[in-house]
There are 2 protein chains.
Amino acid sequence: MALRHAVLAALLDGEYSGYQLAKAFDVGVANFWHALPQQLYVELARLEKDGLVAGRQVVQETRPNKRVFRVTEAGLAELEQFAAAVSKPSFIRDDLLVKVQAADHVGTGPVIEQLDERAAAAQAKIELFGELLRQMRGDVDEEEFLRRGDRIGPYLTCLRGLAFEQGHRDWCVRIADVLRQRDAQAGIAPAQAARKATPLPGVLPGRAPRTLPRQP
Amino acid sequence: MALRHAVLAALLDGEYSGYQLAKAFDVGVANFWHALPQQLYVELARLEKDGLVAGRQVVQETRPNKRVFRVTEAGLAELEQFAAAVSKPSFIRDDLLVKVQAADHVGTGPVIEQLDERAAAAQAKIELFGELLRQMRGDVDEEEFLRRGDRIGPYLTCLRGLAFEQGHRDWCVRIADVLRQRDAQAGIAPAQAARKATPLPGVLPGRAPRTLPRQP
DNA sequence: GCACCATACTCAAGAAAGTGACTAGTCACA
DNA sequence: TGTGACTAGTCACTTTCTTGAGTATGGTGC
């Protein structure tokens with residue numbers, strides 16, 4: 001269970017409120033873990049109860065008062081232990097990829113539209129992450145920063161986020177193009193009916209036989 | 001809820017047993033959705049009950065009998081509807097990235113080791129996906145296959161899987177190197193104590209002030 | 001003959017995540 | 001004054017996922 005560890009890791013840079021954490025873990029910006037606000041508040045309460053974080057109230061003037069949290073020594077020890085344990089493998093669960101998997105059998109108009117939207121969202125993240133990276137390293141050259149910076153963890157995960165979004169944008173753009181071209185060809189020739197053939201039986205003409213991958 | 005849709009999409013190529021699906025959705029090979037065997041069997045039963053897939057028993061001689069499933073017209077309609085609906089945004093939840101986020105504060109030995117292992121696993125997937133892509137397109141050139149192939153959905157998602165693993169391998173290799181070099185420098189100079197400083201208070205010397213990203 | 005592996009599948013329970021609300025205070029604007 | 005946005009947080013319930021088992025058949029190797 002790594003939400004607790006993700007929260008601890010995010011708190012390593014100082015003191016943050018639940019609301020600030022919620023913004024950091026928002027789906028639009030999170031690059032190492034995503035979590036919803038209610039999850040975060042519940043987790044903070046648990047972490048505090050377990051002594052892994054310490055909270056204090058901050059009285060504010062024009063905003064509601066807030067509680068901020070920092071990692072304790074016990075929290076640090078927990079992270080140390082987590083870091084030394086075996087990591088779970090990562091994997092993808094993505095609606096849009098399911099739709100692309102089914103693209104030969106469904107109307108591609110909405111899928112293409114969603115690919116375009118996803119590419120645009122990825123582009124926005126790319127720009128955001130680029131700016132965050134600049135803020136983190138300041139005037140320092142990246143290689144120098146990675147060699148000598150005091151705190152590079154967030155920079156490294158941001159690099160992964162950036163690379164992920166770049167790959168994703170490129171794929172979306174390419175696949176939208178592929179599908180658009182196929183649609184254009186289908187408009188020219190009545191290949192559309194053949195393409196929407198019932199999936200029975202499995203082996204379609206002209207196609208290499210589908211073999212499910214053997215387990216590595 | 002996309003597990004049902006992921007299963008429907010995977011069944012579009014013919015008839016498959018629960019066991020075959022389980023292999024396709026295994027964490028080591030799945031590139032659009034991951035699911036565990038028990039999930040898949042339960043989902044197949046539900047889908048069958050709902051009329052979205054049809055099952056039949058296959059009597060085998062040297063292996064246990066099995067049930068295989070195919071998508072029905074109602075299942076196809078369900079996929080059509082799903083494809084036209086709004087997709088949920090995708091995001092990452094990765095233990096190893098949490099560990100990298102915390103890398104400045106924990107022992108990096110195990111993290112580096114895990115990065116190396118992840119890079120090797122990614123490399124294996126890259127080779128596997130490369131081979132799968134070759135099998136799918138046969139002797140046809142990729143561009144030609146994408147233009148004219150009868151069933152390209154699995155090819156397109158495999159392309160995403162490949163790109164993802166390539167980016168991930170490259171990142172792992174690079175970050176392991178960065179951390180190794182920092183450790184080597186730390187071995188020379190007693191910067192290690194400073195690097196393990198308590199995270200209180202937030203602003204560490206020489207580092208640009210950390211600002212959590214504003215919501216886009 | 002037993003252990004292991006592959007094929008083929010099932011069950012129970014708990015943990016984690018998601019959905020869909022909700023509360024309260026302050027500020028800006030029409 | 002009402003509305004919307006932002007800050008700051010909470011609750012109840014449902015759904016999904018994970019954990020940790022388990023069953024059965026047949027083949028192979030020691």
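Naming convention: chains lettered A, B, ... in sequence-line order (proteins, then strands); numbering from 1 in each chain. Only heavy atoms go into these numbers, but all of them, side chains included; no hydrogens, no water, no symmetry mates.
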> Could you state the CG-P distance from A:L3 to C:dG18, rounded to the nearest angstrom?
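Taking CG of A:L3 and P of C:dG18, I get 10 Å after rounding.
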> Does B:F69 or B:F91 map to a spot on DNA chain C nearer the 5' end, using the closest nucleotide for each?
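Going by which nucleotide is closer to the 5' end, it is B:F69.
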> For A:E113, enumerate each residue passing the salt bridge (charged side-chain N to carboxylate O under 4.0 Å, His left out) test, keeping only those at least two apart in sequence or located in another chain.
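Result, salt bridge (charged side-chain N to carboxylate O under 4.0 Å, His left out) vs A:E113: none returned.
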> From CZ of B:R93 over to P of D:dC17, roughly how many Å is that when rounded to an integer?
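In whole Å, D:dC17 P lies 11 Å from B:R93 CZ.
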> Check A:D95 with B:K88, please: is the shortest side-chain N to carboxylate O separation under 4.0 Å?
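Judged by the 4.0 Å cut-off on N to carboxylate O distance, B:K88 and A:D95 do not form a salt bridge.
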> Quick one: is A:K88 getting a side-chain N or O under 4.0 Å of the D:dT19 phosphate, OP1 or OP2?
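The answer is yes; a side-chain N or O of A:K88 sits under 4.0 Å from OP1 or OP2.
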> Expressed in angstrom and rounded to an integer, what is the separation of A:D95 atom CG from C:dG18 atom P?
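Taking CG of A:D95 and P of C:dG18, I get 12 Å after rounding.
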> Between the side chain of B:T108 and the main-chain N/O of B:V111, is any donor-acceptor distance below 3.5 Å?
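Looks like no, no N/O pair under 3.5 Å.
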> What one-letter contact string describes nucleotides 22-30 of chain D from 5' to 3', where B marks a base within less than 4.0 Å of any protein heavy atom, S marks contact via sugar-phosphate atoms alone, and - marks no contact?
---BSS---
> Is any side-chain N or O of B:Q60 closer than 4.0 Å to OP1 or OP2 of C:dT7?
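Negative; the distance criterion is not met.
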> How many whole angstroms separate atom CG of A:N65 from atom P of D:dG9?
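Atom CG in A:N65 sits about 9 Å away from atom P in D:dG9.
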> Does D:dG9 have its OP1 or OP2 closer than 4.0 Å to a side-chain nitrogen or oxygen of A:Y19?
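No, no such contact exists.
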> So, OP1 or OP2 of D:dT10: does either fall under 4.0 Å of a side-chain N or O from A:R67?
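No, because none of the side-chain N or O atoms of A:R67 sits under 4.0 Å from OP1 or OP2 of D:dT10.
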> Using the side chain to side chain contact (heavy atoms under 4.5 Å, CB included) criterion, which residues pair with B:Q39? Sequence neighbours excluded.
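B:Q39 satisfies side chain to side chain contact (heavy atoms under 4.5 Å, CB included) with A:R93, B:L3, B:A35, B:L36 once adjacent residues are dropped.
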> Could you give all pairs that pass the salt bridge (charged side-chain N to carboxylate O under 4.0 Å, His left out) test and reach residues 115-128 of chain B, with sequence neighbours left out?
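Found B:D94-B:R118, B:D116-B:R180, B:K125-B:E165.
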> So which pairs with a foot in residues 32-61 of chain B pass ring-ring contact (aromatic ring centres under 6.0 Å, His included), sequence neighbours left out?
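Every pair satisfying ring-ring contact (aromatic ring centres under 6.0 Å, His included) with a residue in residues 32-61 of chain B: A:F91-B:H34, B:F25-B:F32.
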> Check every atom of D:dC17, D:dT7, D:dA8 against the side chain of A:K23 and return the nucleotide holding the closest atom.
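Of the candidates, D:dT7 comes closest.
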> With sequence neighbours excluded, what pairs up with A:S87 under the side chain to side chain donor-acceptor pair (under 3.5 Å) test?
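Applying side chain to side chain donor-acceptor pair (under 3.5 Å) to A:S87 gives B:K99, B:Q114.
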> Suppose we screen for ring-ring contact (aromatic ring centres under 6.0 Å, His included). Which residues come up paired with A:Y19, at least two apart in sequence or across chains?
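Result, ring-ring contact (aromatic ring centres under 6.0 Å, His included) vs A:Y19: none returned.
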> Salt bridge (charged side-chain N to carboxylate O under 4.0 Å, His left out): which pairs involve residues 32-51 of chain B, sequence neighbours left out?
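Residue pairs passing salt bridge (charged side-chain N to carboxylate O under 4.0 Å, His left out), neighbours aside: B:R4-B:E43, B:R4-B:D50, B:E43-B:R46, B:E48-B:R67.
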> Contact list please: residues 35-49 of chain B against DNA chain C, heavy atoms, distance less than 4.0 Å, in numerical order.
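Within this stretch, B:Q38, B:Y41 sit under 4.0 Å of the strand.
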